Amino acid sequence: MVSNKRLYELALEARKRAYCPYSHFAVGAALLTKSGKVYLGCNIENQSFGATNCAERTAIFKAVSAGDKDFEAIAICGAKEGEAPSKPAPPCGICRQVMTEFCEPAFRILLHGEDGEPKEYTLAQILPLQFDLSEY
Ligand code: THU
């Protein structure tokens, strides 16, 4: 089993590969599958800004394209390029929406915490009242 702390460390590793020459804000993500695999992601920017991909979606799309779509948790870290993350970098709205496609409400989201341990949230907490096409 991958601990929260270890998953967050892997997000820090993933962040080293962030491609962010426009915002200079580097983000890393580590996505844990229910079978214990970890997919890493970083933000990948583009000179046409709308084509930028967030770290979370990079990790999720890598996993889905590799045939994995049962997810347990994701650790996310972000800060200005060259600085160590010192506060939470919560996922953007688009990434939260993408999470709802594959993840249950209890899916765990691990962000920077104050005591050396990542702080844990659930998808239901950070995206209440989510859009669910199957309800119509
Ligand atoms: N970014 C992410 O990677 N994840 C988020 O959830 C928020 C924003 C990236 C996108 C862009 O490269 C940079 O952070 C600044 O917005």
Side-chain angles (χ1 to χ4, degrees):
M1 190 50 200
V2 181
S3 69
N4 285 0
K5 198 167 182 171
R6 177 71 189 133
L7 199 62
Y8 190 80
E9 282 167 6
L10 290 169
L12 291 169
E13 279 302 308
R15 181 174 173 259
K16 292 179 182 165
R17 296 197 278 274
Y19 176 75
C20 52
Y22 306 105
S23 74
H24 300 287
F25 190 81
V27 185
L31 175 69
L32 178 66
T33 69
K34 287 191 174 165
S35 65
K37 265 172 124 176
V38 176
Y39 289 90
L40 302 183
C42 59
N43 54 333
I44 305 170
E45 298 189 343
N46 192 278
Q47 57 192 307
S48 174
F49 299 160
T52 289
N53 208 59
C54 290
E56 300 89 320
R57 278 177 289 139
T58 301
I60 293 169
F61 295 158
K62 277 171 73 177
V64 174
S65 61
D68 270 319
K69 46 183 167 22
D70 292 326
F71 303 134
E72 173 68 34
I74 191 167
I76 306 160
C77 62
K80 282 185 187 153
E81 209 174 15
E83 292 182 12
S86 60
K87 58 181 179 180
C92 79
I94 296 175
C95 289
R96 294 178 199 206
Q97 180 62 33
V98 169
M99 287 172 192
T100 68
E101 190 70 24
F102 301 105
C103 309
E104 292 147 4
F107 176 68
R108 296 182 292 118
I109 293 135
L110 311 173
L111 305 178
H112 176 88
E114 284 311 322
D115 52 0
E117 277 291 321
K119 188 156 188 234
E120 184 174 306
Y121 301 84
T122 65
L123 183 55
Q125 278 176 319
I126 69 159
L127 189 61
L129 206 67
Q130 60 178 249
F131 176 65
D132 185 349
L133 197 55
S134 70
E135 285 181 8
Y136 300 88

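Bear in mind that the values here come from a model prediction, so they are computed numbers and not experimental data. For ligands, and for the atoms within them, numbers begin at 1 and follow the listed sequence.
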Worksheet item: Does any N or O in the side chain of Asn43 come within less than 3.5 Å of the main-chain N or O of Val27, such that one atom is a donor and the other an acceptor?
Response: yes
Practice prompt. Could you check atom 9 (C) of ligand 1 against the protein and tell me its nearest heavy-atom contact, residue, atom and distance included?
Written response: Asn43 ND2, 3.6 Å
Worksheet entry | Residue Glu104 excluded, over 12 heavy atoms near CD under 6.0 Å | no
Item to complete: Look at atom 1 (N) of ligand 1 and say whether a protein heavy atom is found at less than 4.0 angstrom from it.
Response: yes
Worksheet entry | Per-atom contacts, ligand 1 versus Pro91 - under 4.0 Å to a heavy atom | 6 (O)
Practice prompt. Distance to 0.1 Å, residue and atom name: give those for the protein heavy atom nearest to atom 3 (O) of ligand 1.
Written response: Ala55 N, 2.9 Å
Fill in: Cys54: numbered ligand 1 atoms lying under 4.0 Å from its heavy atoms
1 (N), 2 (C), 3 (O), 4 (N), 5 (C), 8 (C)
Discussion item. Below a 4.0 angstrom heavy-atom separation, can you tell me which part of Ser23, side chain or backbone, both or neither, approaches ligand 1?
Written reply: side chain
Response to the item:
In ligand 1, the atoms that come under 4.0 Å of a heavy atom of Glu56 are 2 (C), 3 (O), 4 (N), 5 (C), 6 (O)
Worksheet entry | For Glu45, the ligand 1 atoms whose distance to one of its heavy atoms is below 4.0 Å | 11 (C), 12 (O), 13 (C)
Discussion item. Tell me whether the rings of Phe71 and Phe102 are parallel (<30°), tilted (30 to 60°) or perpendicular (>60°).
Written reply: perpendicular
Discussion item. I'd like to check Tyr8 versus Cys77 (side-chain heavy atoms, cut-off strictly below 4.5 Å). Are they in contact?
Written reply: yes
